[in-house]
Novice: 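Sharing a structure below in structure tokens format, with a few things to ask.
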There are 2 protein chains.
Amino acid sequence: MTDRAHVTLQQVATAAGVSLATASRVLNGSARVRPELRDRVEAAASELAYTPNAHAQALVRASWQTVGIISHDVSDPYFSGIARGAMRAAAERDLPVMMASTFRDPEREIAYISMLRAQRARAILLIGSGFEDRRWERAMDAELGPYLSAGGRVAVVSRHRSLRVDTVLPQNRQGAAALARSLLSLGHRRFAVLSGPARLSTVVDRVGGFQRALAEAGVPAAEVVEAPFSREGGHRATTALLSRGLDSTCLFATTDVMAVGALAALREHGVRVPEDVSLAGFDDISVVRDLTPPLTTVALPLEEMGERVVALALRDHSRGRRRIERMAGTVVLRASTARLPAPQ
Amino acid sequence: MTDRAHVTLQQVATAAGVSLATASRVLNGSARVRPELRDRVEAAASELAYTPNAHAQALVRASWQTVGIISHDVSDPYFSGIARGAMRAAAERDLPVMMASTFRDPEREIAYISMLRAQRARAILLIGSGFEDRRWERAMDAELGPYLSAGGRVAVVSRHRSLRVDTVLPQNRQGAAALARSLLSLGHRRFAVLSGPARLSTVVDRVGGFQRALAEAGVPAAEVVEAPFSREGGHRATTALLSRGLDSTCLFATTDVMAVGALAALREHGVRVPEDVSLAGFDDISVVRDLTPPLTTVALPLEEMGERVVALALRDHSRGRRRIERMAGTVVLRASTARLPAPQ
DNA sequence: GCGCTATCAGAAAGCGCTTTCCTGAGGTAC
DNA sequence: GTACCTCAGGAAAGCGCTTTCTGATAGCGC
């Protein structure tokens with residue numbers, strides 16, 4: 001039975017002794033067909049294990065259902081938390097999902113968008129920080145503009161705002177400020193920040209919100225060390241901080257992933273958490289509660305963010321202005337942050 | 001510029017004042033075209049932001065490049081480690097990847113396969129444990145059989161062997177046995193196993209290999225507690241074990257994810273690791289080195305497994321028997337397993 | 001019986017492309 | 001000048017489907 005080809009509707013029709021049109025009608029349930037013919041067609045289709053060619057259908061129907069999701073890495077837990085929600089939401093709507101990882105390569109991101117455009121994807125979702133420079137922005141506009149004006153949908157999560165599309169945005173500034181206030185109320189006064197790349201708006205907001213809250217409390221600004229958004233980055237930033245002589249009582253890592261690296265670095269240097277220094281992160285990715293000590297962080301409703309971005313992308317755009325949905329973060333105090341003795 | 005439709009090749013051709021055929025030839029670089037016309041077509045295409053309709057291309061070329069990956073959950077680190085390798089391998093070959101999560105629902109798995117079949121996907125990769133029962137097997141065969149005989153490629157990672165397709169298989173039995181021997185040489189003699197669902201061949205092999213090695217050493221078989229493959233499952237199994245009075249010196253969780261749950265449960269009950277009890281896992285997912293204590297486990301080359309499965313799926317099948325690639329696991333001793341005093 | 005409408009099913013157009021076939025223009029050889 | 005070849009580029013077929021159009025048959029009232 002090595003047919004070397006897929007079964008076509010024509011074959012089904014022939015096998016059932018009806019015309020192509022009738023076979024199509026039966027399988028789409030689109031019009032009345034005599035029961036006898038209907039049965040014959042259905043029998044033939046199942047006999048031949050017929051599956052319609054989705055491309056032919058897409059071509060004639062001029063529509064396609066795929067939702068494309070682009071992020072930098074599937075195995076990043078921040079991303080996969082969001083992706084989980086998005087995939088669930090897509091599955092509920094019977095939409096196939098196409099996922100791609102850019103591995104932080106702008107070229108690849110553009111290439112994937114182009115590919116999704118070629119497939120006439122129903123929606124494109126961009127998750128996580130992009131590449132915030134001029135050239136990239138121009139390239140993005142060149143891809144996304146025609147896609148949007150051809151009726152495509154684009155929505156982003158946690159991206160900088162220069163893309164003028166529907167957005168799900170964590171309240172980074174408020175979350176970081178609330179975290180700072182919690183840490184202040186634990187008695188901390190000297191802070192250091194393990195920052196992600198300073199050009200990303202997520203970083204700007206998280207660091208900015210944090211510093212702002214410190215300033216409002218009349219506390220000196222935190223020392224900021226910049227590193228990539230990764231476990232490795234957190235590790236490196238922390239090592240740098242330690243080597244120049246740490247004089248803070250509390251570290252704030254702008255993402256949990258960085259905090260994980262920070263924790264490892266601290267341990268390697270024999271610095272105890274939280275006895276010697278407190279540590280807090282941001283995002284509440286699933287692993288951080290299993291660390292020792294469990295990590296204080298700002299919890300983001302990751303799955304819900306994924307669901308929301310799908311909903312945004314698929315909403316009725318007819319009377320549409322751009323919509324921005326802000327997701328509040330809640331401070332979760334765990335054991336990685338210590339209360340400092342009152343008379344400091 | 002709200003065209004409400006995508007630009008077609010015909011529009012490009014008209015804009016450039018050439019025929020459809022010429023425009024196609026230019027954009028595919030498939031035949032000699034006068035430089036002047038070539039330039040006009042390219043200018044028109046870029047002016048109109050033309051992107052070819054991938055469905056039309058797929059239809060006429062009778063081929064499609066998408067690689068489909070199906071697993072139960074994107075946010076499972078075991079899966080995402082493999083997926084990362086697979087996506088990288090696919091990206092190297094310029095193949096788009098379509099990913100789907102079944103959330104452990106057999107119906108959904110079948111539905112996704114059918115969808116990928118409809119899209120005439122180039123290959124379908126199934127990652128992680130499936131559903132090992134009669135009905136499911138029959139349904140799988142009904143989907144996969146026609147797909148294979150139509151020239152589709154299927155490969156699986158870490159699946160039971162009843163699917164007669166190319167397979168990447170961790171050496172679960174050997175890995176678990178090697179782990180057992182390492183633990184024995186640390187002085188442990190009384191073991192308990194936190195097992196995943198007993199019907200899965202992965203579990204059969206891991207538990208079987210472990211017990212076998214114990215038997216060969218003349219050590220009593222480990223007590224086995226069964227639970228789902230999840231943090232929650234590991235937590236529950238451990239709690240059960242503790243409530244009936246733990247008399248083992250070492251726990252073996254059949255997956256790292258379960259070990260994470262076990263560690264949490266132990267901590268909640270005030271049982272210290274490794275002072276009171278040692279704990280070992282399997283897989284070496286990325287988080288376990290950041291636990292306290294870092295987890296002893298059997299390291300699997302997850303990314304490589306992802307790369308291998310793509311290679312298997314895309315290999316030349318012409319003179320093909322089914323191929324099974326076995327991936328060795330290596331025991332990684334970390335601090336979660338203690339050496340027991342010699343005179344036990 | 002006739003003419004009318006309903007119902008069902010086949011013929012055919014067309015979705016956006018690639019590719020084969022074919023025509024006509026230009027070049028070369030004699 | 002004629003015969004022949006080369007080659008650029010247009011016309012058209014066709015990928016597998018959906019859907020409109022059209023035609024055939026049956027049913028009804030008179």
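Quick note on labels: first sequence line is chain A, next is B, and so on, each numbered from 1.
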Novice: What does A:S24 touch in the nucleic acid at a heavy-atom separation under 4.0 angstrom: a base, only the sugar-phosphate, or nothing?
Specialist: base
Novice: Do the side chains of B:R93 and B:E307 get close enough for a salt bridge, i.e. N-O under 4.0 angstrom?
Specialist: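 Salt bridge absent between B:R93 and B:E307.
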Novice: Would you tell me whether B:Y78 and B:S158 have side-chain atoms, one donor and one acceptor, within less than 3.5 Å of each other?
Specialist: yes
Novice: Using whole Å, what does the distance between atom P of nucleotide D:dG10 and atom CG of B:L9 come to?
Specialist: 12 Å
Novice: Could you list where the contact with chain A starts and ends along DNA chain C, reading 5' to 3', using a 4.0 Å heavy-atom cut-off?
Specialist: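 Contacts span C:dC8 to C:dG16, reading 5' to 3'.
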Novice: With nearest nucleotides of DNA chain C determined for B:R25 and B:T51 from heavy-atom distances, which residue corresponds to the more 5′ nucleotide?
Specialist: B:T51
Novice: Answer whether the closest heavy-atom distance between the side chains of A:R323 and A:L312 falls below 4.5 Å.
Specialist: yes
Novice: B:W64 vs B:H55 aromatic rings, parallel, tilted or perpendicular, using cut-offs 30° and 60°?
Specialist: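 B:W64 and B:H55: parallel rings.
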Novice: Answer yes if the side chains of B:R108 and B:T102 hold a donor-acceptor pair under 3.5 Å, and no otherwise.
Specialist: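 Per modelled atom types, B:R108 and B:T102 side chains form no pair under 3.5 Å.
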Novice: Ignoring hydrogens and angles, write down the donor-acceptor pairs under 3.5 Å from the side chains of residues 81-89 of chain A, residues two or more places apart or on other chains.
Specialist:
from	atom 1	to	atom 2	distance (Å)
A:R84	NE	B:D73	OD1	3.1
A:R84	NE	B:D73	OD2	2.8
A:R84	NE	B:S75	OG	3.0
A:R84	NH1	A:E303	OE2	2.7
A:R84	NH2	B:D73	OD2	2.7

Novice: How do A:A56 and B:A21 order along DNA chain D: which one's closest nucleotide is nearer the 5' end?
Specialist: B:A21
Novice: Quickly work out the B:R32 CZ to D:dG10 P distance and round it to whole Å.
Specialist: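 To the nearest whole Å, that distance equals 16 Å.
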Novice: Closest-nucleotide mapping onto DNA chain D: is B:T22 or B:A62 further toward the 5' terminus? I mean the 5' end.
Specialist: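 Nearer the 5' end of the strand: B:T22.
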